[in-house]
Amino acid sequence: MNVVLPDGKQLELPQGATARDAAQAIGPGLAKAAIGAIVDGDLYDLLKPLPEGASGAKIKILTEKDPEYQPLFRHTLAHVMAQAVRELYAERGFKPEDVKLAIGPVIENGFYYDIDAPTPLREEDLPLIEERMRRIVADDLPLQRFVLPREEALKRFEGVDPYKTELIRDLPEGEEISFYKQGDERYGFTDLCRGPHVPSTGRIPPHFKLTSLAGAYWRGDSSRPMLQRIYGIAFRTKEELEHYLWQQEEAKKRDHRKLGAELDLFTISEEVGKGLPLWLPKGAFIRRQLEQYMYEKELEHGYDHVITPHIANSKLYYTSGHLPYYKDDMYAPIEIEGEEYYLKPMNCPHHHMIYKARLKSYRDLPLRLAEFGTVYRFELSGTLSGLARVRGFTQNDAHIYCSKSQVKDEFIRVIQLFDEVYKDFGISDYWFRLSLPDFENNPAKFGEPGPHWDEAIAAIRAALEETGAQYVEGIGEATFYGPKLDVQLRTVLGKEESIATNQLDFISGTRFSLEFTNEKGERETPVIIHRAIMGSFDRFFAFYLEHTAGNFPLWLSPVQAVIVPIADRHLGYAQQIAAQMRQNKLRVEIDDRSERMNAKIRDAELQKIPLILVVGDKEAESGTVNLRERHAKEQRTLPVGELIAQMHKRVQERK
RNA sequence: GCCGGUGUAGCUCAGCGGUAGAGCACUCGAUUCGUAAUCGAGCGGUCGUCGGUUCAAAUCCGACCACCGGCUCCA
């Protein structure tokens, strides 16, 4: 067969040749330096034969200088770790096969392996495992790849490792079943593996570290065994590893739970209940600002605001179809006068009843009902986290009732509203995820495919295309009543998170017998768009707090400025300008503690107050303030009136 | 909910079988100072909870609770 090198040269190779053979054919120097290859865009190792019929394939030999080879050593490290764990247990008197192995893939910055060990792994085992790993790397065990027929492959694992057995059984017929072996039977490790790997363990850069031990269900299914997952990170260079660790440290400083405590924004009290946050005055102020902002935005965009109670009769949720399917995710019912009431887990049914309260004409549509609706959901205790995952939260909720022909335009308006709002908050790195139904694997949830699904999906796709929004698609995450459009972003810790969600609903209209009279005088059922721009105020606030590291812009800062009098004799002047600023609706505090100015400035900086106003003799005489901006060393002096005008301008511009 | 880890003063942490400690914060006093921590004194803890072992438990053991890292879930 023929392969094409990056410089366009053709290379003739025998059938079954590997990338190693290709490198050798090019030259002995390259053969020595080679560590992997890119073949038609796919990462290959030196051990696996190039794809059959690869004639004309473009091949690029990788050396340690090419960052693309990173997954190779991360993958091999997972194997090295598995070997190390087996060695550790062998030392503790177990047989190697007592340590059962599930999967060990490459992930974003490293790798993990899911392990079923005879005794639980403990955190203190990690350094022991890491030490053995370093030795295996130093011993430079060569890797080999071999293929077995399905029967023989199964024979290796049957009755020994149920996980590998299941993996092989689930491989599609005709799929090649390959193994990678490092070292030998006496000192080494063999694993069922698709590859690719580095050619020997000595080629793994020593810049790795085991980071954590965690539980993980076999195949992510909570009804199956809980395995132990060891996470590791690995990089090509020491600098990359150190940079990553530094980044993680920095990110931890921005954790909204930490900042929430440091800046007196919110607290969670065990006595109130877990997942039920308490907003302290400063946090509550910002939350109110967010609500006020959204309230005005929604007015501009043609929404009507409604208010509904926090609980509802169980009948409402039978009508909606949420009971009994979501009963386990709701707070237990309250029995009153022989009837059951639930804390509301969502606002839609209440809004549907508002729609229904008066007869509707096509002239009323689209009808956009919005509410900052507080809902309660019984989330699993292990998932709760600060304000980002709670059991009681307030949604920036709205339901848009419209005709089928209006769906696309309404979705466009929703997407545009996202753009507008997120831009105002300086959030630019977000994308949409269109979640589609999975009829094949979950017919109970999604029912039958049909034109309503097709039309709904087509309308959302059209809206996304027309607005040019960035989006990805995912199968199986739709709701039972329609496709879902989530808004995704990345937290400071690099994790992808859904910040908001929108759903198209062609079922509730029927379930609740919602109607409108169309142009022809006929009764028609509206389609409903569930939309939440900020998602929940709680989670949005958590994200935004991390995004800004607590450096809120002036319009959102609970305290916009702190006045620092240099000595007590300047207190009168400080009070005078504070009064003047407050009359102009500015939020200002005076630091009148018996502290040195340096201490006051330091504390104001730590509290991330946007403006520090130092006043001393010079300022009092001239009616000015000395302004020091947050995190800026330089200062300027300006008249109080001008300061007020500048602050107003910034508040206006939301800067 | 499940797996692993952690719970000592409001916060950050030391102490890890023999009478509970430090810094910061707070209160009081002194200081009145020009751009990131002035000095001194005082207040403050049934060491997460309950039970066990021991002459003696913050310290060892068990159960529970909360939190952290994951898994799972997210209408």
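Protein chains get the first letters and strands the later ones, always in sequence-line order, with residue 1 at the start of each. All figures in this text were calculated on a predicted structure; none of them were measured in a lab.
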Check this for me, if you would: do [X] and [Y] make a salt bridge, where the nitrogen-to-carboxylate-oxygen distance has to be below 4.0 angstrom?
X	Y	answer
A:D486	A:R433	yes
A:E595	A:R602	no
A:R257	A:D255	yes

[X] side chain: which of [options] is closest?
X	options	value
A:E270	B:C74, B:G34, B:A66	B:A66
A:E605	B:A36, B:A75, B:G1	B:A36
A:R257	B:U32, B:U38, B:G69	B:G69
A:S381	B:A75, B:G1, B:U31	B:G1

Donor-acceptor pair present, A:E619 side chain and B:G34 base, under 3.5 Å
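Side chain to base: pair present.
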
State whether the distance check finds a donor on one side and an acceptor on the other, under 3.5 Å, for side chain A:R596 versus base B:A36.
no

Assign [X] to base, sugar-phosphate, or nothing according to its heavy-atom contacts below 4.0 angstrom with the strands shown.
X	value
A:Q635	base
A:N598	sugar-phosphate
A:K600	nothing
A:K327	nothing
A:R569	sugar-phosphate

Who does [N] pair with, Watson-Crick or G-U, both distances under 3.5 Å?
N	result
B:C67	B:G5
B:C60	B:G52
B:C47	none
B:G40	B:C28

Could you measure between the two P atoms, the one in B:A58 and the one in B:C50, and give it in whole Å?
12 Å

Less than 3.5 Å apart, any donor N or O on the side chain of A:Y544 or A:H256 sitting next to an acceptor on the other?
no

With a 6.0 Å cut-off on ring centres, are A:H322 and A:F480 close enough?
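Yes, the ring centres sit under 6.0 Å apart.
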
